[in-house]
Chemist: 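Provided herewith is a single structure, encoded as C-alpha cells, for subsequent inquiry.
In what follows, chains carry the letters A, B, and so on, assigned in the order in which the sequence lines appear, proteins first and then strands, with residues in each chain numbered from 1.
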Amino acid sequence: MIGSLSRTTPVIVQGITGRMGRTHAALMRAYGTNIVGGTSARTDLKEAAGVPVFPSCAEAVLETGAVASVAMAPPGETRAAVMEALTAGIKLIVTVAEGIPLHDAIKIGRAVRRAGATWVGGSTPGLAIPGECKLGFLPDVCLKPGPIGIMSKSGTLSYEVGYRLAREGLGQSIWVGVGGDPVKGVRFADMLPVFFNDPRTKGIVLVGEVGGAEEEECAEAYARMGTRKPLYALIAGREAKEGVSMGHAGALVHGEFGTLESKTRQLTQAGAKVFGSIESLIERCARHYRFDKR
Amino acid sequence: MLLIEVDGKALFTEYGIQIPAGVVVTDAVPPLPGDGPWMVKAQVPAGGRGNAGGILRCDTRPEVEGAVAGMLGRRLKGHSIDACLVETAATGHERYLAIMVDPGSYGLRVIYSAQGGVEVEQSGSAQGRLCAPHPGAVTEALADLIAGEPAEWREQVAAIGKAMAKMLLDRELALAEINPLFVSRSGCVAGDAKVVIDLNAIDRQPRIASLIAARPAIYVDACRKIAEGFDYVELDPNGEIGLITTGAGLSMMLIDEMTARGARPLNFCDIRTGQMRGSPARLIRVLEWITSSGSLKAVLVNIFAGITDLAEFAGLLAAAIQASPALNVPVVARLVGRNAAEAQRILSETQPNMLVTQDLEEALARIDAIVRTAS
C-alpha cells in the first residue's frame, strides 16, 4: 500500500475540525495530497480545510471512497479512531499521536493485522512520497523527490537528515516515519521489501534510536533478503541514560538490550553501513549518489 | 520506565506474590527482620545492580551497617543511591520468570529459566514463548515452559505466573520480571522485582501514579514529565552545555555528537514547541533548571521547525531570556525551518550578542569555542 501511494490516493483526516486536524489537512492539501474529507464529532460544521466533514469514518468512506486515513486524535483516543477507521474499511492508517498507551498499541496492532490493513505510527510525523503526497506533517522544506528511501523512528532527526540530503541535491523516493513507540505499526524490517521493490529507490537511510530490537530485526531481514540496495544507518542515543525513556517511549535501554553497540554490530554484520554523525552519513550518501549520476 | 525494586515488590504483594521481609533504609539502620543473613540492595532504577556492587549479602548487623554506609550517597549506574532495601536472604532453588510485552507479535513473551542469577539474560538459557495478551494464554505458555520442573512446586510457579500476568495486564506494564525467583516446597518468593511501567498510561493508572509521586527524588525525570508535559532529563550534573532542543531523536543525536567531540552536555530536552501556545513559561522553566548548575558555560538552542513558526518562537525565546536573570552564559541558537529569517532578525535586535544560525555545524563550532574560552 505504501509504495503505491500517489497524488490520486483518496485520504481522509479523522478529527479534521480540531486545531491540529484543520491545520494539517490544509497543509497536506497544499502539498498535493488528495484529501477528500474528514470526520468530526462536531455536527455543526459541514466543511473544514475546504473539504466536507462527516460524522463517522463509515460515512466518509461511503461518500468519498477514501482508502487511507490520517488520525489526528489525542493519544488516549487513538485506539477508538483506528477501530472506527478499520470498521469503515480503511486500508492505510497513520496515527500521529505521541504517547499512545502501550497496551492500547497492542490492541491496535492486533486489530490492524486482523483487518489486513497497514498502520503507520504512533509518535510519527507520518509518511510522504515526495512530489506526490504526504500523510501527516513532514515539513515541506525537507521533502524533495529523489532516490533515497528514508525510514525513521525520530521525526526531527529525519528532518535534519532529509533537509541536509536535499541541500546536497539528494531527494527521497519514499519517506516513512515508523515512529518512536515500542509497539507500533510498520517496523523497519517491514519497509525493506517496499524499498527493494520500488524502482525509484536506489538507497535506503535508516534513522534509528537505542531501545527495542527493531534495528536488529531489520539487520536480520536485510541479510536474509540479500542486501539488494545499500542501507545507511544513523542511530541516536549513544549517551542515553539507562532505564529512562529519552523522550520517545521506545528509546529505553536496559542492560545490554537495545544498546547502540548491539544495533551497530548487527547492522554492520548484515552489510549495512552505520554512521556516527549526521554529517558523515550525508557525506557518504552525497559521494555515492553523485558518483552514480556520472 | 523502570521502577525501583521496593516499588515493584509493593505491586507484587498486591497481587499475592510473596517477597522476603525487609526494611527500606535511608539513614540509620532500624531493627532488622529475622536473624540474618540479609541482602542489602541499592534502590536505583537500573538493571545490573549486582555486578555493579549494588547488592551485597551480609551475615551480621555490623556488616549490614557497613554495607548501607558504603552505598548511601554513592552513585550507581548513573543514579545516586538514596535508599537501600535490607531484607532477609531467601532460600530455595533459584529460577527466572518474566512476562513482557512483545512488540513484534502484538502479544506477550513469557520467559522461564531453570537457572536464576545475574547472568541469565545474557546466557541464552532462558526459554521463551510468545502468547496472546490474555491471562489464560500466559498460563498455557508457562505450563509448557515449566513442564520439566518437579511436580511439588510446579503449581506454585504457575500461580506466580498467573498473578504476574494479571498484574501486567491490569497495570499496563511493559515488563514484570523476577530474578531470582526462589522456589521450594514451602513456597515461592520473589528475590527481586523488575517492573517497567508505561508512563503513557499514567492518567488511567492511579496506583502507578501514586508510586511515582511518592518518590520525586528517585523518579525525577518521570515526575518532571508528568508535571510539565515535556521531556527533560539531567545527564551530567557537571555538564557545561545546557540544551534547549526539540525532538527526541535529534536531541539525542546532538548529545551523542557533542559528547564524541569532547563536550559535556548537561541535559536532554524535548521541549515540544508546538505545545507552547504563545507562552515563554516552558522556556523559562528549562532555563531555570539549566542555570541551577554551577558548571554551565553555554546554552545551545536547536529547533528544527516543521510546523512551529520560528518568528513566534524567537519572540518567546527573547522573552524567556529577559525573564531569566540567572542566565549569565552565552546562548547560541540554531533555528531552521518555517520563518527562520524573520526569527534571526527578531533575535538580532533583542539579543545582539547571540549567534543565530541555520547551520548546525556552525552552532556546534561556536559552542566549542565558548567552552574553550571559559575553561
Side-chain angles (χ1 to χ4, degrees), chain A residues 23-24 27 75-76 99-107 109-110 113 125 137-139 141-142 152-160 163 180 182-184 187 207 209-210 212-214 217 234 236-249 251-252 254-257 276-279, chain B residues 1-2 44-48 77-79 101 103-104 106-108 121-122 132-133 169 172-175 194 196 198-201 203-204 221-222 225 230-231 233-235 245-257 259-260 265 268-270 272 304-307 336-338 360-361:
Chain A
T23 307
H24 294 299
L27 289 169
I100 300 171
L102 184 70
H103 286 251
D104 276 10
I106 294 175
K107 293 179 179 107
R110 295 178 82 82
R113 193 168 59 189
F137 46 79
L138 285 169
V141 61
C142 313
S152 177
K153 280 185 177 176
S154 156
T156 48
L157 184 52
S158 69
Y159 301 172
E160 185 77 37
Y163 171 75
V183 176
K184 59 173 67 169
R187 300 163 75 81
V207 181
E209 279 175 6
V210 292
E214 250 187 285
E217 267 171 43
L234 184 67
R238 194 191 306 122
E239 307 296 332
K241 195 160 143 185
E242 188 180 338
V244 178
S245 294
M246 300 287 278
H248 280 156
L252 182 61
H254 290 297
E256 301 300 307
F257 183 71
S277 71
I278 305 170
E279 193 58 32
Chain B
M1 190 199 73
L2 185 62
V44 292
K77 310 212 85 177
H79 305 269
V101 166
Y106 301 126
L108 302 180
E121 283 123 288
Q122 277 90 48
L169 293 167
E172 300 186 69
L173 308 175
L175 166 75
K194 193 171 179 185
V196 176
D198 175 22
L199 268 183
N200 290 334
D203 290 345
R204 57 193 195 198
D221 304 316
K225 178 166 183 163
F230 67 97
D231 289 276
V233 177
E234 190 186 272
L235 291 174
T245 51
T246 197
L250 182 53
S251 303
M252 271 194 280
M253 196 70 217
L254 202 55
I255 290 163
D256 295 348
E257 292 197 11
T259 308
F268 166 87
C269 169
D270 180 4
R272 310 218 167 114
F304 197 118
I307 309 305
V336 63
R338 193 171 156 215
L360 183 56
E361 301 298 321

Chemist: Where does A:Lys184 contact chain B at under 4.5 Å (heavy atoms): side chain, backbone, both or neither?
Modeler: backbone
Chemist: Which atom pair, heavy atoms only, marks the closest approach of A:Glu239 to B:Asp256?
Modeler: N-OD1, 3.0 Å
Chemist: Can you measure from CD1 (A:Ile278) to CE (B:Met253) and round to the nearest 0.5 angstrom?
Modeler: 5.5 Å
Chemist: Under 4.5 Å, counting heavy-atom pairs only, tell me which of A:Thr23, A:Leu27, A:Thr156 racks up the most with chain B.
Modeler: A:Thr156
Chemist: Which residue out of A:Pro139, A:Pro75, A:Ala105, A:Gly109 racks up the most heavy-atom pairs below 4.5 Å with chain B?
Modeler: A:Gly109
Chemist: Where does B:Val336 contact chain A at under 4.5 Å (heavy atoms): side chain, backbone, both or neither?
Modeler: side chain
Chemist: If every non-hydrogen atom of B:Asn200 is compared with every non-hydrogen atom of A:Ile100, which pair is closest and at what distance?
Modeler: ND2-O, 3.6 Å
Chemist: Kindly give the heavy-atom pair with the smallest separation between A:Ser154 and B:Gly249, and that separation in Å.
Modeler: OG-CA, 3.2 Å
Chemist: Non-hydrogen atoms of chain A under 4.5 Å away: do they reach the side chain of B:Leu173, the backbone, both or neither?
Modeler: backbone
Chemist: Can you list the residues that meet the side chain to side chain contact (heavy atoms under 4.5 Å, CB included) rule with B:Ala222, with sequence neighbours excluded?
Modeler: B:Met1, B:Leu199, B:Ile212, B:Tyr219
Chemist: B:Met252 and A:Gly237: which non-hydrogen atoms are nearest, and at how many Å?
Modeler: SD-CA, 3.6 Å
Chemist: Taking all atoms of both residues into account, what is the closest heavy-atom pair of B:Glu257 and A:Ser277, and its distance?
Modeler: OE2-CA, 3.1 Å
Chemist: Work out which heavy atom in B:Tyr106 is nearest to a heavy atom in A:Ile106; give both atom names and the distance.
Modeler: O-CG2, 3.3 Å
Chemist: Please tell me if the side chains of B:Arg338 and A:Val141 come closer than 4.5 Å, counting only heavy atoms from C-beta onward.
Modeler: no
Chemist: Using the side chain to side chain contact (heavy atoms under 4.5 Å, CB included) criterion, which residues pair with B:Arg204? Sequence neighbours excluded.
Modeler: A:Pro101, A:Asp104, B:Glu172, B:Ala201
Chemist: A:Arg238 versus chain B, heavy atoms under 4.5 Å apart: side chain, backbone, both or neither?
Modeler: both
